[in-house]
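Structure, as structure tokens:
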Amino acid sequence: MTSSLSRGRPPRVPSHISVRVAHAVLGAAAGLAWLVLPGMTSQNEAPVAIKEPGPAASAAAAPADEASGTDLVLPVAAVGAAGLLAGYGYIRRVRRTRDRTTPGSAATPPPPASDPPPAGPDEEAREALVLADDRLRAARAELGFAEARYGPDAVAPFAAALAQAGHEWAVAARMRQRYDHGEPAEEAARRHALAGIAGRCAEAERRLDAEAEDFARLRRLTENEGLEAALTVAEERFRELAGRALAADPVLAGLRERYAPTATVAVVGNLEQAKDRLLFSTTRLNRARQSADSGDMDRAARQLRSAEGAVTQAAVFVDGVERRAGELRAAEETVPAVLTGAQAELARVRRQAPPDGTPEGELRSRLLNADAVLASVRQEITARRPYDPVAVLRRIVGAVGAAVPERGGVLGAAALLVARASADAAEDRVATHRGVVGATARTRLAEARRLLADGDPADRTAADALALEALDLAERDVLAHGTPYAGREGAAGTGGAVLGGVVPAADPESGPPSGF
């Protein structure tokens, strides 16, 4: 009985290529011998002087020329035959190679393009975090417009479902944060953690899905009455934001004049991007009305939801400028009190014994560094040049906190102000660029928010550092992605909407990703 493996392969036979090559070589050698042989023979004869041929000589030469031509026929024919044989063998070999279907053939045609390999558990967990967070953010935007139309009581069940889904995602983000820091350490436990992250994200989406039909019935966007009411709410919010964006222009200009450039770097382009989102939203609102007039209610609903998402992000940009103005004013007013409080705390630490476990030399070094930072800050704020009060507070908190174990009182308040400012800036960046921001930035931001919510003053510096890291990672994601649809005709605002995750890049006309 023959095995399946032997039946699937043809019997091995000697290569025909070597046989044909041998034939070609033998033929060429034979032709060469025929050509060389007459010359070798003529060298043995005595040389004959050439004379002017006469009639008799011409007659005698004719048979000799015929004999010489006859001698060349065979070698030439042999060489030609050898060439034909070699060429024929080569052609046959090429044809057989092209037609061959056995595995391992050098000329086997490449397999058709296949799908990319499936993502591993780590990448699946990252993707699950991003997708679930996108849905939560879209659902919050939808809920805001529904509440503006129907009131808080009507949307209370959906708000509760959204809160539950948000809790599931927060747990998944906390698991991811620990995973990124090597917890757990065992390989099997790490695989289990990744599965848990994906599972929590799926549960968050399931809670939103459970309310999807009821939420759609509440809004009734595919009915004339519901769509008209929703359009009215969106247009009113659009007009309000357009006015606020204009009013924020001089506010931002004043901040840039009063403070150092670092103070406003996080919001320097906010108003331009707000206007970009508003341009996109007004286009979509017009299309929604046109689609409703033509009876295409499904398309009208998609256009309206796209406009709502853009209006929501425009509000984030404008709110960011107004909030930053408040942060800078509060920080500027707090700096003198923080300097005084920091000096008092350093004096108290000097009067006491070093904390347990802290070498006296190390404590002295920390105190000297804190003194130097405070002196530098005093010089900076008395120079009557623009400075960044939030950055100044961060320097004071960082330097004094290294020497003062307990950071309550005015130092604790300064640390809270700084950490909240960083977290809010990172939140704005993720919210308005969620179409390209990855899982790591979102995870760091979630951890910063968790630490601030816990309320432990000792965690505020860590929360600030995490928020700054989230902001930096989000900026890198945005820069790496670039600006889509730049310069395309009829794509006004579409690039920003894609970056914001308001519409998908592959098909911006298909409408925004679903929330509920």
Side-chain angles (χ1 to χ4, degrees), residues 137 140-142 144-145 147-149 230-290 303-332 386 388-390 421 424-435 475 478 483 485-488 490-503 508 512:
R137 294 176 182 278
R140 292 188 190 104
E142 294 173 357
F145 282 94
E147 183 176 354
R149 170 66 180 89
L231 278 169
T232 300
V233 171
E235 289 168 348
E236 288 176 354
R237 188 166 294 185
F238 168 85
R239 287 190 291 269
E240 174 197 357
L241 276 171
R244 286 178 57 199
L246 291 175
D249 260 324
V251 173
L252 182 56
L255 296 179
R256 298 177 69 176
E257 182 180 353
R258 180 177 181 84
Y259 300 105
T262 57
T264 56
V265 67
V267 297
V268 71
N270 274 32
L271 297 182
E272 289 75 8
Q273 295 186 74
K275 294 170 185 176
D276 184 75
R277 297 293 196 279
L278 290 174
L279 176 61
F280 176 84
S281 63
T282 190
T283 301
R284 293 305 173 102
L285 288 171
N286 290 335
R287 291 181 184 177
R289 288 204 173 275
Q290 292 170 1
Q303 300 292 334
L304 170 63
R305 291 181 59 240
S306 298
E308 290 176 342
V311 168
T312 300
Q313 292 192 3
V316 173
F317 285 121
V318 177
D319 290 344
V321 173
E322 297 171 349
R323 185 189 65 246
R324 190 58 175 174
E327 291 169 350
L328 291 172
R329 285 195 301 269
E332 188 176 19
D388 182 350
V390 174
D424 288 341
E427 175 66 34
D428 288 357
R429 185 62 61 185
V430 174
T432 56
H433 295 80
R434 69 173 188 259
E475 292 284 1
V478 173
T483 303
Y485 299 96
R488 290 195 184 184
T494 302
V498 169
L499 288 176
V502 175
V503 290

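The first residue in the sequence is number 1, and the count goes up from there.
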Applying salt bridge (Lys or Arg N to Asp or Glu O under 4.0 Å), can you list everything that pairs with Glu475, at least two apart in sequence or on another chain? Arg429
Evaluation steps, side chain to side chain contact (heavy atoms under 4.5 Å, CB included), between Thr232 and Glu236: CA-CA 6 Å; Thr232 300; Glu236 288 176 354; 3.7 Å; yes
If you look at every heavy atom in Gly320 and Asn270, which pair is closest and at what distance? CA-ND2, 4.1 Å
Donor-acceptor pair, distance only, cut-off 3.5 Å: does the side chain of Gln273 make one with the backbone of Phe317? no
In terms of heavy-atom contacts, Leu278 and Ser281 come closest through O-OG, 2.7 Å
Residue pair Ala247 / Val251: nearest heavy atoms and the distance that separates them: O-CG2, 3.7 Å
Of all heavy-atom pairs between Val267 and Leu252, which one has the smallest distance, and what is that distance? O-CD2, 3.9 Å
OG1 of Thr282 to CZ of Phe238, rounded to nearest 0.5 Å, is 4.0 Å
On a heavy-atom basis, which atom in Val233 and which in Ala148 lie closest, and how many Å separate them? CG1-CB, 3.9 Å
Pairs involving residues 319-328, ordered by first then second residue, that meet salt bridge (charged side-chain N to carboxylate O under 4.0 Å, His left out) (sequence neighbours left out): Arg244-Asp319, Arg244-Glu322, Arg323-Glu327, Arg323-Asp424, Arg323-Asp428, Arg324-Glu327
For Thr312, check side chain to side chain contact (heavy atoms under 4.5 Å, CB included) against everything at least two apart and list the hits. Ala141, Phe145
Does Glu272 offer a backbone N or O that forms a donor-acceptor pair with the side chain of Asp276 under 3.5 Å? no
Residue pairs involving residues 251-265 (criterion salt bridge (charged side-chain N to carboxylate O under 4.0 Å, His left out); sequence neighbours excluded): Arg258-Glu332
Side chain to side chain contact (heavy atoms under 4.5 Å, CB included) filter on Glu427, not counting sequence neighbours, yields Arg137, Ala431, Leu445, Arg449
Taking all non-hydrogen atoms of both residues, which atom of Phe280 and which atom of Ser306 are closest, and how far apart? CE2-O, 3.8 Å
Could you list the residues that satisfy side chain to side chain contact (heavy atoms under 4.5 Å, CB included) with Asp249, not counting sequence neighbours? Leu271, Lys275
Mind checking what makes side-chain hydrogen bond (donor to acceptor under 3.5 Å, both in side chains) contact with Thr262, not counting sequence neighbours? Asp388
Check: Arg277 and Thr432 side chains under 4.5 Å, non-hydrogen atoms: yes
Mind checking side chain to side chain contact (heavy atoms under 4.5 Å, CB included) for Ala331 and listing every partner two or more places apart, or none if nothing turns up? Pro389, Val390, Leu393, Leu417
Under the side-chain hydrogen bond (donor to acceptor under 3.5 Å, both in side chains) test, which residues partner Arg237, sequence neighbours left out? none
Quick check for you: to the nearest 0.5 Å, what is the distance between Thr494 atom OG1 and Leu499 atom CG? 11.0 Å
Are Glu308 and Leu304 packed together at the side-chain level, in the sense that at least one heavy-atom pair is separated by less than 4.5 angstrom? yes
Tell me, please, which residues at least two apart from Arg284 pass salt bridge (Lys or Arg N to Asp or Glu O under 4.0 Å). Glu509
